[in-house]
Amino acid sequence: MRFVPFLALMQSVVEFDNVGLRYGTGAETLTDLSFTLYPGSFYFMTGASGAGKTSLLKLLYLAHRPSRGAIRIFGHDAITLPRNRLPGFRRRIGVVFQDFRLVPHLSTFDNIALPLRIAGIAERELRGPVAEMLAWIGLSERADARPAMLSGGEQQRVAIARAVIGRPEILVADEPTGNVDPEMALRLLQLFSALNKLGTTVVVATHDIHLLRDVEGAQMMRLDNGRLSDPTGSLRYPPKPLVLRN
Amino acid sequence: MLLDFALPAHDRKLIPEGRLSGPMPWVIAIILFLTLLVAASGLTLAHAAQQGGQDLARQFTVQIIVTDPFERAAKRAEVTQYLRQVDGIRSVEPLSDASVRKLIEPVLGADILDADIPVPALIDVRFVHAQAQANLRTLRASLRRIAPDVRLDPHSAWMAPFYRLMHMLLVLAGTVFLLLMAATSAVVILAVRSTLNTHRGTLEIMHLMGGTDLQAARLFQRRVALDALWGGFVGFCAAAFVMATLSDQLAAAEPSLLAGVAFPVYGWIILALIPLAVTALAMLMARFTVISALKKML
Ligand SMILES: Nc1ncnc2c1ncn2[C@@H]1O[C@H](COP(=O)(O)OP(=O)(O)O)[C@@H](O)[C@H]1O
Ligand SMILES: [Mg+2]
């Protein structure tokens, strides 16, 4: 049997190389971003409001193309990927939007089932997993409720359930703890952490630096005016785990 | 592509389709109702004109202008006899002087006629088929050898002003029909846009979750097609009801007056095709609009 070195197995999930993003003709919103994300890791992306966190996440979940530089996702060049192959890649990425973006006319059940239906999974095969997910977020009783009938915290849990139901390889969450109390924030992070332990690469953008204490083994990326600012440079190749504990 | 209409049940849930989306189906129903009525009148006119035209093209009047009543009667008999043995003529009916007077009296007035004005001899001629100009010329030449002052007038010549009017009405109906179809298309485009705006959020979410352009297009196509079909159905039923009522009234009216007025069977097929065409247009527009909106996203 051939011996496979451990690092060769640790293929990157995402690679950014000298990436820049410019909206319209203004100054660059993101500048010279170079980093690698590894499978099964947990990343916090911090930075002041307006630093470019959401913009970076949009590049990550393939909502935008960068103005320059190279991005590789799942080992493929995301820049030259033909448009008709993007849906297949997007199905491997779960996104929790800052404003949840639940579909207003769909029930809790149908909102959570959305990614599975888009992926063409048969109705009888998705009923079980969705019910399980509903139980996991404690909303089994609200399966038929529309988003408008749910509290903010409940909506957030639905948004997260929808992001993770398809067992994505990458989970991207934009300020998921933005509008909830500290207790709920902690619960959500535990949820992400549980998923992360199942192998999903998690990227959480937040301006709340205290969250970092709550996830063991999480690494931090810091954005400052669209640049990755880490005085030690530890987030360049390869990222050095930055472990914070209380 | 129109087969995309049949979606798996669970896909249909993504865009609600239980209720109608706003006033658009009603607007489509009203405008299609008007369109169908105009189309029906146009078809009826065209049908009547075609039927009447075929009859008239076979009917002619031979006119012999001779002052002396005895000579006139002789020429009339001679020409009648000649015409009776010409091939392709179905019937030859000479009119007596008295009946000619009766025909002319309302036009010239009894006074003038009493003043012993000579009336022409008239012979009603019906051909089996409509006649080519060359045939008519030969016939005229033969008749002139018998009576130099003979005229052969097609009935269609008298009817010319009436046909010009019919033709104008037909052009008018066609123009109004085209304008209404343009308005229908505009309504359909607006309906598609409003559906797209209502569901833009859903569309974006589906897109970011890896939905394909085709998946979204199908959903919208279906949603818009249902609205258009519903509007088309209501408009068609309303128009059919109006036409059925009108045709009952026509049947009850003086039969000879409106004998040629009937709605042809092929007319119903054309009328039924119009809402279907509008639905197909709506589906194509929905597909085009959604795909071009999505193409603007990565
Ligand atoms: N679609 C856009 N068009 C133009 N400018 C944008 C757009 N999105 C974000 N920006 C600008 O880019 C900068 C970074 O924004 P964002 O990525 O939302 O930061 P953060 O999420 O860290 O608050 C801000 O100055 C913002 O105004
Ligand atoms: Mg943001």
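Source: prediction; values computed, not measured. Numbered from 1 within each chain, the chains take letters A, B, ... in sequence-line order.
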**OP:** Dump the intermediate steps for side-chain hydrogen bond (donor to acceptor under 3.5 Å, both in side chains) on A:Ser193 and A:Gln190, then the final yes or no.
**Re:** CA-CA 5 Å; A:Ser193 193; A:Gln190 283 165 352; over 6 Å; no
Original post:
How are the rings of A:Phe89 and A:His76 set to each other: parallel, tilted or perpendicular (split at 30° and 60°)?
Top reply: perpendicular
Original post:
Between A:Arg83, A:Arg65, A:Arg101, which shows the greatest number of heavy-atom pairs under 4.5 Å with chain B?
Top reply: A:Arg83
Original post:
In terms of heavy-atom proximity below 4.5 Å to chain A, should B:Leu294 be classed as side chain, backbone, both, or neither?
Top reply: both
Original post:
Quick one: CG on A:Leu116 to CE on A:Met133, what's the gap to the nearest 0.5 Å?
Top reply: 8.5 Å
**OP:** Hey, can you tell me if A:Phe42 and A:Phe192 have their rings parallel, tilted or perpendicular (30° and 60° cut-offs)?
**Re:** tilted
Original post:
Using non-hydrogen atoms only, which part of B:Met209 is less than 4.5 Å away from chain A: side chain, backbone, both, or neither?
Top reply: both
